[in-house]
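Numbered from 1 within each chain, the chains take letters A, B, ... in sequence-line order. What you see is a predicted model, and the numbers here were worked out from it, not measured in a lab.
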2 protein chains.
Amino acid sequence: MISQKAKYALRALLALAEAGVGQSMQISDIADGQRIPRKFLEQILLDLKHRGLLSSRRGKNGGYALLRAPDLITVGEVLRLIDGPLAPLPCLSRMAYRRCEDCDGEDDCRIRRVFAEAHRANTAVLDATTLADMSGGSAHHRILGAG
Amino acid sequence: MISQKAKYALRALLALAEAGVGQSMQISDIADGQRIPRKFLEQILLDLKHRGLLSSRRGKNGGYALLRAPDLITVGEVLRLIDGPLAPLPCLSRMAYRRCEDCDGEDDCRIRRVFAEAHRANTAVLDATTLADMSGGSAHHRILGAG
DNA sequence: TTATTTCCTATTAAGTCGGTAGAGATTGTC
DNA sequence: GACAATCTCTACCGACTTAATAGGAAATAA
């Protein structure tokens with residue numbers, strides 16, 4: 001299961017994407033519109049800003065805006081920012097690789113193989129689907145053919 | 001990430017699969033051979049027994065054995081037994097379906113769509129790969145073509 | 001009767017999840 | 001300059017999960 005936080009992040013980013021790339025929205029507007037707890041959303045947006053996805057302005061007429069076009073932000077990227085690695089095993093993660101401790105016996109890599117393939121299939125979808133794709137209505141894609 | 005418990009379960013089941021369908025192994029043998037904490041493995045095997053995957057005998061010469069042939073036990077099944085639903089969203093789960101609370105706004109299903117496709121790709125692999133496939137060396141499959 | 005082995009329940013320490021609280025910093029307006 | 005609006009930051013909270021550990025009860029074989 002993806003976290004509630006990641007769902008909120010995607011909903012908020014979709015709202016910002018539909019507002020337009022330069023256009024800013026305030027936390028409260030997004031929170032109200034998407035029915036997301038306001039203070040919780042504050043943390044999420046701040047995080048997304050620190051990670052380079054959003055810009056912000058303080059004070060009156062402040063708000064957040066996308067720094068990149070919606071077709072350049074993938075679901076996979078957002079998920080990794082918020083929830084951490086997508087990989088089912090540390091030894092398959094590109095963002096948090098760790099050698100498998102358990103696997104020095106020969107059976108270790110039998111487990112790795114199946115999860116490597118599942119992971120590849122999973123991220124092929126998530127990394128190919130952008131905010132623009134989600135908004136647009138078709139399930140995806142930048143890269144893949146028809147679903 | 002899949003849980004440590006699920007990794008232990010898969011390793012234990014692979015050990016039992018290689019012992020043979022009728023053949024039993026004792027907790028200690030599996031624990032030693034796979035370097036799994038013994039008392040933890042007890043819980044896991046007991047759980048797998050209660051869920052119908054294993055049979056057991058107590059007392060001297062006791063042990064656990066597979067109730068089904070290794071080519072009839074999929075990775076997906078084991079994962080669901082140990083870790084619970086594989087679905088990224090409750091509204092996509094076959095074993096723990098719940099309507100999405102957040103999704104009554106129209107954007108709700110934009111999120112669902114992309115995760116539905118990722119989930120399908122993921123489980124296509126996990127539900128097609130059996131213990132026998134894992135043992136055998138090829139990544140999979142009963143159903144799919146070549147990897 | 002005794003040793004062996006599975007069965008079952010409770011407990012624990014550490015971490016995660018989802019959220020709340022409140023004060024501080026910055027900006028626009030009067 | 002005062003003031004209100006808004007983002008920024010840190011701390012905190014209760015409930016839950018994870019990965020074990022502990023210890024005794026029940027069953028079986030010799």
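At the phosphate of dA29(D), neither OP1 nor OP2 sits under 4.0 Å from any side-chain N or O atom of Arg58(B). In this model, the phosphate group of dA19(D) is not approached by any side-chain N or O of Tyr8(B) to a distance below 4.0 Å at OP1 or OP2.
Chain B approaches DNA chain C within less than 4.0 angstrom (heavy atoms of the protein), and the contacting nucleotides run 5' to 3' from dT4(C) to dA10(C).
Side chains of Val125(A) and Val75(A) form no contact here, defined as non-hydrogen atoms less than 4.5 Å apart. With a 4.5 Å cut-off on side-chain heavy atoms, Pro70(A) and Val21(A) count as touching.
The separation between Ile27(B) atom CD1 and dA22(D) atom P is 16 Å, rounded to whole Å. We find that NZ of Lys60(A) is positioned 10 Å from P of dA4(D), with the value rounded to whole Å. With rounding to whole Å, Gln26(A) atom CD is found 15 Å from dT8(D) atom C1'. Across the protein-nucleic acid pair, Gln4(B) atom CD and dT17(D) atom C1' stand 15 Å apart, rounded to whole Å.
Contacts with DNA chain D (heavy atom under 4.0 Å) in residues 44-56 of chain A: Leu46(A), Lys49(A), His50(A), Ser56(A), listed by number.
Tested against Leu131(A) for a side-chain contact (heavy atoms from CB on, under 4.5 Å), the candidates Leu72(A), Ile73(A), Asp71(A) yield a single pass: Ile73(A).
Toward the 5' end of DNA chain C, the nearer of the two residues Pro37(A) and Glu42(B), judged by each one's closest nucleotide, is Glu42(B). Along DNA chain C, the nucleotide nearest Gly59(A) and the nucleotide nearest Gly63(B) are compared for position; the residue whose nucleotide lies closer to the 5' end is Gly63(B). When the nearest nucleotides of DNA chain D are assigned to Phe40(B) and Asn61(B) by heavy-atom distance, the more 5′-ward of the two goes with Phe40(B).
Under 4.0 Å is where a charged nitrogen must lie from a carboxylate oxygen, and between Arg113(B) and Asp133(A) no such pair does. The residues Glu42(B) and Arg38(B) are annotated as salt-bridged, a charged nitrogen and a carboxylate oxygen being separated by less than 4.0 angstrom.
Checked by atom type, the side-chain pair Ser93(B)/Arg98(B) shows no donor-acceptor distance below 3.5 Å.
Taken from CZ in Phe115(B) to CG in Asn122(A), the straight-line distance is 9.0 Å, to the nearest 0.5 Å. Distance CD1/Ile36(B) to CD/Gln4(B): 8.5 Å, rounded to 0.5 Å. Of the inter-residue distances, the one linking Cys91(B) atom SG with Arg112(B) atom CZ reads 4.5 Å to the nearest 0.5 angstrom. Rounding to the nearest 0.5 Å places CD1 of Ile111(A) at 11.0 Å from OH of Tyr8(B). Between atom CE of residue Met134(B) and atom CZ of residue Arg11(B) there is a gap of 11.0 Å, rounded to the nearest 0.5 Å.
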Could you run down the sub-3.5 Å N/O contacts of the protein with nucleotides 12-15 of chain D?
none

